[in-house]
2 protein chains.
Amino acid sequence: MPNESSAPEGAAPGPAAASSAGRTLTTTSYAILALLAVRPWTPYELAQQMDRSMRWLTPRSASVVYEEPKRLVADGLAEAAKEFTGKRGRTVYGITEAGREVLRAWLAGEAGPADARESDLLRIAVADLGELDDLRRTLARMRADADERLAQTRARAAEYQDTGGPFPARLPVISLVTRMFLEQSEAMARWAAWAEEAVAEWDGVTRETGARVPDDAFGEAGSEARE
Amino acid sequence: MPNESSAPEGAAPGPAAASSAGRTLTTTSYAILALLAVRPWTPYELAQQMDRSMRWLTPRSASVVYEEPKRLVADGLAEAAKEFTGKRGRTVYGITEAGREVLRAWLAGEAGPADARESDLLRIAVADLGELDDLRRTLARMRADADERLAQTRARAAEYQDTGGPFPARLPVISLVTRMFLEQSEAMARWAAWAEEAVAEWDGVTRETGARVPDDAFGEAGSEARE
DNA sequence: GCAACATACTCCGCCCCGGAGTATGTTGCC
DNA sequence: GGCAACATACTCCGGGGCGGAGTATGTTGC
């Protein structure tokens, strides 16, 4: 059976296709789109800004940052304007109304790249481009995920402790990494619960509209971690 | 066949070049090699086992798991034996002495893929294929990394708190993700310190040779996290 | 006897990486 | 005023990895 997966310029929307785009948008797409929603950028600035603001969330190398806007333009989600300084050209990218729309849809829904972890965090970071309820829903989902993951990790740990695992001689080294996963998933679950609670008291998604920086947001995360 | 076509540095013996292989080995390479060091596997078993044991450490899709052993064979680090069940052939892969050697070298040194995080954790998980001192060195490095990362994260958090960041209106959402990074890096630093301490009391790297499962390895990671 | 499942793979388009390469602006210093 | 250093503005390419589709043969259970 011939694969018709590449239906490029046919404007044929796949079933799972994110709104108007003729491809599945990636986390990179949404990251760039979120930046463009703030103001127009040249690719160079975009690369700088991606490095500054997205490095911790979802790092992307410069070559990718140069590519993605072109695709967004092809999808009709961004637009490019050519400018010149002497004989030196440069492109300035802006977001289109369609672009804002898919961004809003992404912030509002489950749609988007399957790679949940990193894109969820991005969703939080740019939540002020969407609605308060979107943020709450995302946090609720993340909390559920984190709790489930924690439960799984604990179950695995308990199993190793009880049975010794398939290679009991290896248990000491295994215990080291297991403890690491416990620590990480507990941290995640703790955070998700905290964040959900904090946002429960918000009236909006920015400072002006009623969001508040929680008192303990920037301090020691675990009060007991002090030493 | 030396596919050296793209590397014009011909005579330059890269110090980071993993021993005899004509390419830079990836984390995947070491993961597979570590499995092969335990026993021979068919690709199908390998894929199963990768999913079982490496899913949390460094997940790889099946197609990659089928590809990698071929490369390892080309590098002389693994060997393939063809077997038949009726007219159905299958390959069984085993590790070569050269393979064990690069695995030992990887466990002993800094060499390997730059992507430190995930490969370090793998190094811990298969540390029983190497020496106790290798494990200690890896943990010391990880602890230093974790501490530095924590310091950076705290510095960024403090900066946001003091200056409000470039977009003060966005501070509430930013504070959410910042807190998440604080939580994560604290967890990591806490773990690294714990692990280093635990291993300090070991005499070997397996149970038989004097490694012990720490008492609190499988319990609540943070004693305060109980609720 | 046949369906369902397990085994044993191959192939392909796409994303992303990271480093090399190519230009042309602007700034600062002697 | 000249020139080096740095900033800006990109393109190109090989390779790793993903994930889903496709192919084919063995084994098991009803």
Side-chain angles (χ1 to χ4, degrees), chain A residues 1-8 14-16 21-32 41-51 54-55 58-72 74 80-93 113-115 118-119, chain B residues 3-9 14 21-32 41-51 54-55 58-72 74 80-93 112-115 118-119:
Chain A
M1 184 164 292
N3 81 342
E4 33 72 78
S5 64
S6 63
R23 63 180 174 125
T24 305
L25 300 179
T26 65
T27 301
T28 310
S29 315
Y30 294 109
I32 303 275
W41 309 75
T42 68
Y44 184 78
E45 290 172 322
L46 226 33
Q48 304 281 103
Q49 190 57 26
M50 279 294 285
D51 190 46
M54 303 288 175
R55 178 156 41 154
T58 163
R60 288 299 176 268
S61 75
S63 56
V64 170
V65 178
Y66 274 96
E67 276 305 307
E68 185 60 28
K70 296 180 189 173
R71 294 177 202 156
L72 293 176
K82 198 83 182 175
E83 293 182 358
F84 279 89
T85 316
K87 57 171 48 183
R88 168 88 159 284
R90 66 180 199 161
T91 311
V92 180
Y93 291 104
D115 181 0
E118 71 170 12
S119 63
Chain B
N3 58 352
E4 198 66 334
S5 54
S6 66
E9 71 226 52
R23 62 180 174 123
T24 306
L25 299 180
T26 67
T27 301
T28 309
S29 315
Y30 293 110
I32 303 275
W41 309 76
T42 68
Y44 184 78
E45 290 172 321
L46 226 32
Q48 303 281 102
Q49 190 57 25
M50 279 294 284
D51 191 45
M54 302 288 175
R55 179 158 40 154
T58 162
R60 287 298 176 267
S61 73
S63 57
V64 169
V65 179
Y66 274 95
E67 276 305 308
E68 186 60 28
K70 297 179 188 172
R71 294 177 199 156
L72 293 176
K82 198 83 184 177
E83 293 182 357
F84 278 88
T85 317
K87 58 170 47 182
R88 169 91 159 283
R90 66 180 198 158
T91 311
V92 180
Y93 291 104
D115 182 1
E118 70 169 11
S119 62

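Letters go in sequence order (proteins before strands), and every chain restarts at 1.
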Should dG1(C) form a Watson-Crick or G-U wobble pair with both distances under 3.5 Å, which nucleotide is its partner?
dC30(D)

So, is T91(A) near the phosphate of dA9(D), with a side-chain N or O under 4.0 Å from OP1 or OP2?
no

Just the rounded figure in Å: distance from C1' of dG17(D) to CE of M50(B).
12 Å

Nearest whole angstrom, please: distance from the P of dC9(C) to the NZ of K87(B).
17 Å

Residue met sooner reading DNA chain C from 5', once V64(A) and Y93(B) are mapped to nucleotides
Y93(B)

Any side-chain heavy atom of Q49(B) sitting closer than 4.5 Å to one from Y44(B)?
no

Without decimals, in angstroms, what is the distance between E83(B) CD and dA8(C) P?
9 Å

With a 4.0 Å limit, can you tell me whether T26(B) has a side-chain N or O closer than that to the phosphate oxygens OP1/OP2 of dG17(D)?
yes

Ignoring hydrogens and geometry, is there a side-chain-to-backbone donor-acceptor pair from E45(A) to T42(A) under 3.5 Å?
yes

Tell me: OH of Y66(B) to C1' of dT23(D), nearest whole Å?
13 Å

Under 4.0 Å, heavy atoms only, any strand: does P69(B) hit a base, just the sugar-phosphate, or nothing?
nothing

Any donor-acceptor pair under 3.5 Å between the side chain of T85(A) and the base of dG25(C)?
no

Can you tell me which residue among T26(A), T27(A), D51(A) is in a side-chain contact (heavy atoms from CB on, under 4.5 Å) with R60(A)?
T27(A)

OP1 or OP2 of dC12(D) less than 4.0 angstrom from a side-chain nitrogen or oxygen of S63(A), does that happen here?
no

How close or far is atom C1' of dC12(D) from atom CD of E67(A), stated in whole angstroms?
10 Å

Any side-chain N or O of K70(B) less than 4.0 Å from the OP1 or OP2 oxygen of dC9(C)?
no

For side-chain contact (heavy atoms from CB on, under 4.5 Å), just list the numbers for M50(A) and I32(A), CA-CA rounded to whole Å, side-chain angles, deciding distance to a tenth of an Å, and then say yes or no.
CA-CA 8 Å; M50(A) 279 294 285; I32(A) 303 275; 4.2 Å; yes

Whole-Å distance separating the CH2 atom of W41(B) from the P atom of dA8(C):
13 Å

Whole-Å distance, D51(A) CG to dC17(C) C1', equals 14 Å

Please confirm whether the shortest side-chain N or O distance from S61(B) to OP1 or OP2 of dG20(D) is below 4.0 Å.
no

Once you apply the 3.5 Å cut-off to both distances, tell me the Watson-Crick or G-U wobble partner of dC13(D), or none.
dG18(C)

Return the nearest nucleotide to the side chain of T28(B); candidates are dG26(D), dA8(C), dG17(D).
dG17(D)

Return yes when atom NZ of K82(A) has more than 12 non-hydrogen atoms of other residues, nucleotides or ligands closer than 6.0 Å, and no otherwise.
yes

Show the nearest heavy-atom pair for residues P43(B) and V65(B), with the distance to one decimal.
O-CG1, 4.5 Å

Spacing between R55(B) atom CZ and dG17(D) atom P, to the nearest angstrom:
19 Å

Does dA6(C) have OP1 or OP2 sitting under 4.0 Å from an N or O in the side chain of R90(B)?
no

Watson-Crick or G-U wobble partner for dA24(D), using a 3.5 Å limit on both distances?
dT7(C)

